[in-house]
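Worksheet: the structure to be examined is printed underneath.
Counting starts at 1 for both ligands and their atoms, in listed order. Just so we're clear, the structure is a prediction, and the values are computed from it rather than from any experiment.
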Amino acid sequence: MTTVTNLGFPRIGAKRELKRALEAFWAGESSAASLQDTARGLRARHWTLQREAGVDVPPSNDFSFYDQVLDTAFLVDAIPARYRALADADPLAGYFALARGVQRDGYDLHALEMTKWFDTNYHYLVPELQAGQGFALRGDKPLAEYREAKALGIETRPVLLGPVSFLLLSKTVDGSPALDLLDALLPVYAELLAGLKAAGAQWVQLDEPVLVQDLDDSARAAFEHAYAVLSGVPRPKVLLATYFGALEDNLGLAAALPVDGLHVDLVRAPEQLDAVLSVLPPDRVLSAGLVNGRNIWRTHLDNALVLARYAHGHLGDRLWLAPSCSLLHSPVDLALETRLDDELRGWLAFSTQKLQELRLLADALDARPHAEAGLAASRARIESRRQSPRVHKPAVAARLAGLTAADAQRHSPYPQRHLAQAGALKLPRFPTTTIGSFPQTLDVREARARNKSGKLSDADYDAFLAAQTEHCVRVQEQIGLDVLVHGEFERNDMVEYFGEQLDGFAFTRNGWVQSYGSRCVKPPVIFGDVTRPRPMTVRWSQYAQSLTDRPMKGMLTGPVTVLQWSFVRDDQSRADTCRQIALALRDEVLDLEAAGIGVIQIDEPAIREGLPLRRAQWREYLDWAVEAFRISASGVRDATQIHTHMCYSEFNDIIHSVAAMDADVISIETSRSRMELLDAFVRFQYPNEIGPGVYDIHSPRVPDKEEMLALLRKAAEVLRPEQIWVNPDCGLKTRGWKETRAALEALVAAARELRAENADANAA
Ligand code: GLN
Ligand code: ZN
């Protein structure tokens with residue numbers, strides 16, 4: 001019988017039970033014991049559910065209170081000194097201090113830095129290491145969870161982040177190579193593996209996803225060394241798991257490591273199957289990742305079966321079937337989506353359904369009689385999707401086919417546009433603006449919720465939003481900002497707001513995926529060709545403009561960001577889906593312009609996170625991403641000013657593409673790094689205008705005028721004065737009004753002072 005296995009199951013719970021339990025515990029409303037109860041209940045439910053779906057060996061230790069990388073750091077005692085006292089006194093409190101920081105009982109500790117887990121929207125905590133440090137086994141989480149399942153009668157495969165990936169995902173505070181710590185770390189892994197073997201574990205899964213990235217010689221050597229050492233100790237059989245891409249040049253390395261099985265991602269990289277089969281040693285298990293662990297689509301089982309049969313022909317029982325990666329990145333159960341229409345629901349599969357698909361594939365391989373009916377039913381759904389007029393709209397295809405280079409090109413080059421815009425907008429030097437949103441107070445969120453639940457009529461909600469917008473405009477006028485915004489009070493989320501108004505998008509009720517810790521996101525599902533039935537933002541921008549003589553900036557979410565933060569189609573390229581969104585936004589931009597909006601910002605905070613894991617693929621991605629932005633922005637007249645915004649500051653390696661977007665003005669986050677991150681723009685001699693953020697909106701702290709002026713002077717040393725805008729780092733939606741007002745007053749004062757200094761310098 002063909003074995004079905006799984007690499008990891010979402011831990012948050014179908015209804016986000018873990019989120020609720022965590023937040024109640026953090027708020028002091030529930031005890032550690034009750035948090036542990038919820039966790040145990042979820043683990044038991046998930047193991048049972050996986051068994052019922054047909055998984056032979058479900059994973060254990062895939063559960064986490066916050067993050068699996070943090071769990072690993074904690075497990076090997078990679079705890080920076082400042083957290084140690086707390087972690088020793090109260091392990092759970094110490095763990096959450098690393099995760100979220102702590103400010104009580106005499107402790108004042110920041111959280112560890114957080115960053116994206118490969119190219120997913122999951123964020124992990126970056127372990128902090130130091131040259132010469134030691135490691136030790138702390139606690140027994142993997143063992144305890146293995147035993148917990150065993151007590152329920154379920155044999156699991158404990159999952160551990162492998163030692164090389166762990167080190168490469170960490171950072172060292174002293175800049176020393178993290179891999180120098182490998183020899184100190186390996187005994188801890190050896191001890192852990194021995195413990196798992198003693199507890200009866202048959203297999204253990206070591207995740208080494210860095211194997212799908214470009215590795216240097218020291219990393220390759222580290223793999224060879226680490227796995228040679230670990231093969232010499234008493235341990236369960238080891239499944240080495242790679243995912244999120246092809247092994248490519250690391251295939252030989254991975255296949256030669258002394259382990260007992262290899263997991264490969266055949267969804268992202270089906271083409272690697274032949275190469276894998278040809279180098280896999282004869283005693284090895286191959287775990288074939290055939291069902292996409294990162295999306296919500298039903299699998300094309302006929303295609304998957306072709307690969308499975310081919311591999312089965314070579315391997316027989318040494319072939320296991322698995323999702324491409326942990327199901328952490330897919331929601332839990334489609335059965336809860338009672339509000340989706342049947343047709344659309346028929347096209348989808350969440351984690352639970354994906355495991356059932358794997359069972360069906362295995363049964364088909366084993367020629368079980370009932371499998372044919374299952375495959376036929378699945379085929380019918382796939383066919384319905386392929387032919388649905390909800391998915392395929394000839395007009396969209398025609399428009400895409402008709403795109404020319406001119407559609408992605410402003411009429412004139414930037415210098416001419418700059419003159420036209422200067423004439424139209426008449427802004428002072430160092431113009432001030434904000435990034436779009438103003439405080440989303442409890443009032444605003446409550447009104448939205450009440451309108452959604454029918455307790456507040458549309459007319460009353462509208463009047464409420466109008467009042468908020470007007471108030472926001474007046475405040476900005478009083479503060480003296482030059483380019484105003486309407487405040488975005490009508491928006492729940494910067495992608496959802498647009499997705500809800502575009503055709504081709506669907507929204508789930510419980511399609512949650514963990515973003516970090518207790519935070520989950522519910523990405524829209526882009527299922528069909530994207531069209532814009534009617535203008536989406538014109539009304540509020542136009543209304544806000546009618547209230548003031550100052551320029552009102554229109555505010556849109558860019559095509560790459562909409563794509564990046566949604567579940568996207570798997571039946572056409574990401575580039576094409578992105579172009580469709582870009583065309584819908586282009587129409588919106590033109591409608592805004594026609595409605596008298598002369599400044600339009602198209603936010604693209606997600607451009608950088610879309611970068612492929614392999615450098616060799618960056619160019620292609622950046623080319624279509626930049627093109628999509630330009631399609632959305634390029635329909636307007638020279639005098640209409642296009643802004644873009646990105647919420648980070650690492651531009652060194654993508655600065656050419658950022659410049660190629662050809663926005664008239666870009667705003668970026670720079671206040672925390674004290675402008676150092678402007679470097680890329682300076683070295684590259686960025687030609688257009690730029691607003692380096694001078695107010696860190698991630699903190700309630702109110703910076704004063706001098707502080708912002710100092711940042712601006714630094715910027716003015718390296719940029720031309722006519723290039724510089726003055727603005728915060730990002731939108732203000734998470735801030736309160738009081739601090740926002742104070743900070744923006746200081747910001748305007750700083751800009752005025754810089755103007756005066758600059759005028760004096762010119763006069764002299
Ligand atoms: N315009 C958005 C806002 O101000 C931008 C948010 C973002 O960059 N993430 O909220
Ligand atoms: Zn931002």
Side-chain angles (χ1 to χ4, degrees), residues 114 116 121 123 432-441 444-445 448 465 468-469 472-473 475-476 481 483-499 515-516 519 521 523-524 536-537 540-541 544 552-566 585 588-589 592 597 599-610 629 632-633 641-651 658 661 663 665-673 677 690-699 725-737 739-740 743-744 747:
M114 198 160 61
K116 283 172 73 70
N121 283 330
H123 301 75
T432 54
T433 190
T434 61
I435 307 305
S437 58
F438 266 76
Q440 288 255 335
T441 54
V444 174
R445 282 176 284 135
R448 183 182 309 132
L465 290 174
Q468 292 287 325
T469 306
C472 183
V473 170
V475 170
Q476 293 174 81
L481 287 156
V483 173
L484 311 194
V485 297
H486 73 282
E488 303 184 18
F489 302 103
E490 75 287 6
R491 303 189 186 175
N492 34 9
D493 168 277
M494 63 186 291
V495 171
E496 197 172 355
Y497 182 74
F498 290 91
S515 172
Y516 62 88
R519 199 177 145 70
V521 293
M536 304 182 282
T537 65
W540 287 113
S541 288
M552 179 61 57
K553 183 161 65 166
M555 203 59 57
L556 303 172
T557 302
V560 184
T561 298
V562 172
L563 181 87
Q564 201 59 33
W565 292 350
S566 300
L585 288 167
E588 184 73 12
V589 168
L592 281 168
I597 304 297
V599 184
I600 300 166
Q601 179 171 311
I602 306 172
D603 291 325
E604 284 290 22
I607 280 223
R608 192 169 210 298
E609 65 186 57
F629 178 86
S632 71
Q641 188 171 65
I642 298 289
H643 289 222
T644 189
H645 165 70
M646 297 177 191
C647 319
Y648 47 83
S649 40
E650 317 128 57
F651 290 102
V658 171
M661 288 165 69
V665 183
I666 181 173
S667 59
I668 60 169
E669 171 184 320
T670 40
S671 73
R672 280 202 196 183
S673 67
L677 294 151
I690 172 165
V694 291
Y695 162 25
D696 175 11
I697 60 83
H698 302 95
S699 151
W725 282 66
V726 181
N727 47 257
D729 269 346
C730 193
L732 299 160
K733 60 176 162 251
T734 57
R735 300 270 59 91
W737 269 107
E739 71 219 48
T740 291
L744 292 179
L747 180 145

Can you report which non-hydrogen protein atom sits closest to atom 6 (C) of ligand 1, along with the distance?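 I find the closest protein heavy atom is Met494 SD, 3.5 Å.
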
Quick test: of every protein heavy atom, which one is nearest to atom 10 (O) of ligand 1, and how far off is it to 0.1 Å?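 Residue, atom and distance for the closest contact: Ser437 OG, 2.7 Å.
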
I want to know if ligand 1 touches [X] in the polar sense, i.e. an N/O pair below 3.5 angstrom.
{"X": "Ile435", "answer": "yes"}
{"X": "Lys733", "answer": "yes"}
{"X": "Asp603", "answer": "yes"}

At less than 4.0 angstrom from any non-hydrogen atom of [X], what atoms of ligand 1 do you find?
{"X": "Cys730", "result": "7 (C), 8 (O)"}
{"X": "His645", "result": "8 (O)"}
{"X": "Gly436", "result": "4 (O)"}

Aromatic ring pairing Trp737/Phe489, orientation class (parallel under 30°, perpendicular over 60°, tilted between):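 Parallel, since the angle between the ring planes stays under 30°.
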
If you stand at the Zn ion (ligand 2) and look out to SG of Cys647 and SG of Cys730, what angle do those two lines make, to 10°?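 Angle SG(Cys647)-the Zn ion (ligand 2)-SG(Cys730): 120°, rounded to 10°.
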
Examine the side chains of Ser667 and His645 and answer whether a donor and an acceptor come within less than 3.5 Å of each other.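 Yes.
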
Given that the side chain starts at C-beta and the backbone is N, CA, C, O, which of these parts of Cys647 lies under 4.0 Å from ligand 1, counting heavy atoms, or is it both or neither?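 Cys647 to ligand 1: side-chain contact only, backbone stays beyond 4.0 Å.
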
